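In what follows, a structure is listed as structure tokens, so that the remarks can point back to it.
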Amino acid sequence: FFPDDVLLRGLVKVGQLDMALQVIGEKAEQGIYKNVLHVNMLFKALIEANRLIHALKIFADMKGRGICPTLVCYNTLISGFCKVSMMDEACRLVKEMNTVGISPDLITFNTLVYGFCKAGGIVQVFVLLEEMKEKGIKPDVVTYNSLLRALLEADYPGKAQQLLTVIKDKGSSPDIITFTTIIDSLGKAGKFKQASKFFFLMINEGILPNVIACSSLIHGLCKQGHMHAATGIFEDMKRNGLTPNRVVYNTLIAGHCKAGHPDRAWSLVQEMTKSGFPKDPYTYSTLISGLAKAGQLERACEVFEEMRLAGCRPSVVVHNSLIDAYCKTGHMDIACRFFGDMEQRGLVPDVCSYNTLIAGFCRAGEVGIACSILLQMQENKCGADVISYTTIIHAFAKQGNQAEALRILLEMKKMRCAPD
RNA sequence: UCAUCUUUAAUAUUGC
């Protein structure tokens with residue numbers, strides 16, 4: 001009864017992407033592509049669901065039927081490529097835009113700036129900024145926020161103050177995202193005092209913190225074990241009418257576990273549940289690893305059971321947590337069993353799964369087995385990273401086996417593996 | 001007529 005485009009929008013909104021694709025497939029002849037708004041919504045939803053390929057298929061079909069995509073449509077797909085760091089493809093689309101006579105706008109450039117920042121191409125970003133200048137497109141606070149994050153991550157986060165000044169000099173007003181980016185970077189670098197400083201600086205500049213700003217600061221404080229201060233921010237936010245969300249709760253729960261207070265973590269789990277947030281996959285993995293680290297492996301296993309009973313499929317992270325727990329208690333057999341379980345459950349072990357086992361065998365003095373796991377990774381197309389190599393290098397060094405340590409070190413250089 | 005589409009910030013697991 002509904003016009004097809006309204007139906008399409010509805011399906012996208014409730015997340016029925018397969019049905020939406022079906023509607024597109026059936027109605028392509030009848031002009032479903034006329035309402036570009038809803039097609040764009042579908043593209044965005046597909047990208048968010050890691051199904052960029054499906055979006056590209058429709059995109060090709062659309063063009064095949066002589067329909068010219070809009071600027072927003074191009075921007076959406078470019079963003080999709082940027083999110084997965086496929087910058088060559090992103091640039092190809094920009095070229096295509098130009099050939100069909102659509103000029104990239106500020107959002108196009110912002111998307112590309114974000115993409116190159118994420119892919120580590122700072123040089124390219126400055127090329128883009130030049131190009132924007134030539135075209136008379138003035139960077140805005142979004143442009144600067146993306147760049148700020150990349151610069152803080154690459155360089156020393158101590159540059160925050162200078163960069164903030166630069167943004168103002170360029171004529172943009174730092175916004176809550178600017179400050180949150182700074183607070184987050186500082187917090188992740190362990191500089192919680194600086195992070196707090198910028199939090200209050202933000203308030204002084206008349207920007208009211210939101211839940212995300214608070215959770216960033218709370219995370220920084222938790223990371224350094226300052227649970228009292230973190231709890232203080234948590235209380236402040238509630239007093240000021242901000243409702244903590246699951247991220248805030250999960251962050252504090254992880255903090256309490258790490259600080260060796262699973263009891264406090266549990267009472268927050270209760271509060272969270274009472275506030276209308278049932279345990280989510282983050283809560284489960286936080287509790288499982290947290291309880292195990294606090295020496296309560298039995299309780300961790302109970303949570304593992306509970307999550308399965310609740311119909312929450314144990315993720316790779318949950319398996320990794322248990323593998324680590326059993327490695328650290330000297331049960332390599334059980335750890336290996338959990339590793340095997342993953343494949344049986346249709347999960348693909350990630351770098352962290354392998355690294356955890358490698359570390360386990362190194363700790364057990366079985367560096368040879370650790371090396372064979374390293375080889376296994378290559379066979380299974382799972383690229384080893386800096387952690388994989390350094391774990392083994394340290395193990396050999398500890399045994400006094402300089403020759404082998406050096407051999408792995410050279411191999412690491414040769415492989416130019418991913419940094420941590 | 002209006003509205004609806006695109007860009008930037010927060011949480012869990014591995015080595016030192």
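It should be emphasised that the depicted structure is a prediction, and the values quoted were computed from it without experimental measurement. Note on naming: letters A, B, ... go to the chains in the order of the sequence lines (proteins, then strands), and numbering restarts at 1 for each one.
Base pairing in RNA chain B gives no stem of 3 or more Watson-Crick or G-U pairs under 3.5 Å.
Taking the ring centroids of Phe339(A) and His319(A), they lie at or beyond the 6.0 Å cut-off.
Within the nucleic acid shown, His319(A) has no heavy atom closer than 4.0 Å to any nucleic acid atom. At the heavy-atom level, Ser215(A) lies under 4.0 Å from base atoms of the strands shown. At a threshold of 4.0 angstrom between heavy atoms, the contacts of Tyr114(A) are confined to the sugar-phosphate backbone, with no base atom among them. Lys279(A) comes within 4.0 angstrom of nothing in the nucleic acid, heavy atoms only. Base engagement by Asp420(A) is indicated by at least one non-hydrogen atom pair under 4.0 Å involving a base atom. Among the heavy atoms of the strands lying under 4.0 Å from Lys328(A) are primed sugar atoms or P, OP1, OP2 only; no base atom is included. Asn210(A) comes within contact range of at least one nucleobase, with a heavy-atom separation under 4.0 Å. Backbone-only engagement by Ser321(A) is indicated by non-hydrogen atom pairs under 4.0 Å involving sugar-phosphate atoms exclusively. Residue contacts for Asp385(A): at a heavy-atom cut-off of 4.0 Å it reaches no nucleic acid atom on any strand shown. No engagement by Lys398(A) is indicated, since no non-hydrogen atom pair under 4.0 Å with the nucleic acid exists. If you check every strand for non-hydrogen atoms under 4.0 Å, Thr286(A) touches sugar and phosphate atoms only.
A donor-acceptor pair under 3.5 Å links the side-chain atoms of Asp175(A) to the main chain of Ile177(A), judged by distance alone. Under a 3.5 Å cut-off, the side chain of Asn145(A) and the backbone N or O of Val141(A) do form a donor-acceptor pair. A donor-acceptor pair under 3.5 Å links the side-chain atoms of His331(A) to the main chain of Thr329(A), judged by distance alone. Proximity of a side-chain donor or acceptor of Asn75(A) to a complementary backbone N or O of Ile78(A) within less than 3.5 Å is not detected. In terms of modelled atom types and a separation under 3.5 Å, the side chain of Asn250(A) and the main chain of Arg246(A) share a donor-acceptor contact. No donor-acceptor distance shorter than 3.5 angstrom exists from the side chain of Ser172(A) to the backbone of Lys168(A), with no hydrogens or angles considered. Using a distance-only test at 3.5 Å, with no hydrogens or angles considered, a donor-acceptor pair links the side chain of Asn245(A) to the main chain of Val248(A).
Taking the six-membered ring for Trp and thresholds of 30 and 60 degrees, Tyr326(A) and Phe338(A) have nearly parallel ring planes, at less than 30 degrees apart.
How far OH of Tyr249(A) is from CD of Glu271(A): 3.5 Å, rounded to the nearest 0.5 Å.
Read 5' to 3', the first and last nucleotides of RNA chain B with an atom closer than 4.0 Å to a heavy atom of chain A are U4(B) to C16(B).
Residues from residues 69-94 of chain A with heavy atoms under 4.0 angstrom of RNA chain B, sorted by number: Val72(A), Asn75(A), Thr76(A), Ser79(A), Lys83(A).
A salt bridge is defined here as a Lys NZ or Arg NE, NH1 or NH2 lying under 4.0 Å from an Asp or Glu carboxylate O, and Lys63(A) with Glu96(A) meets this definition.
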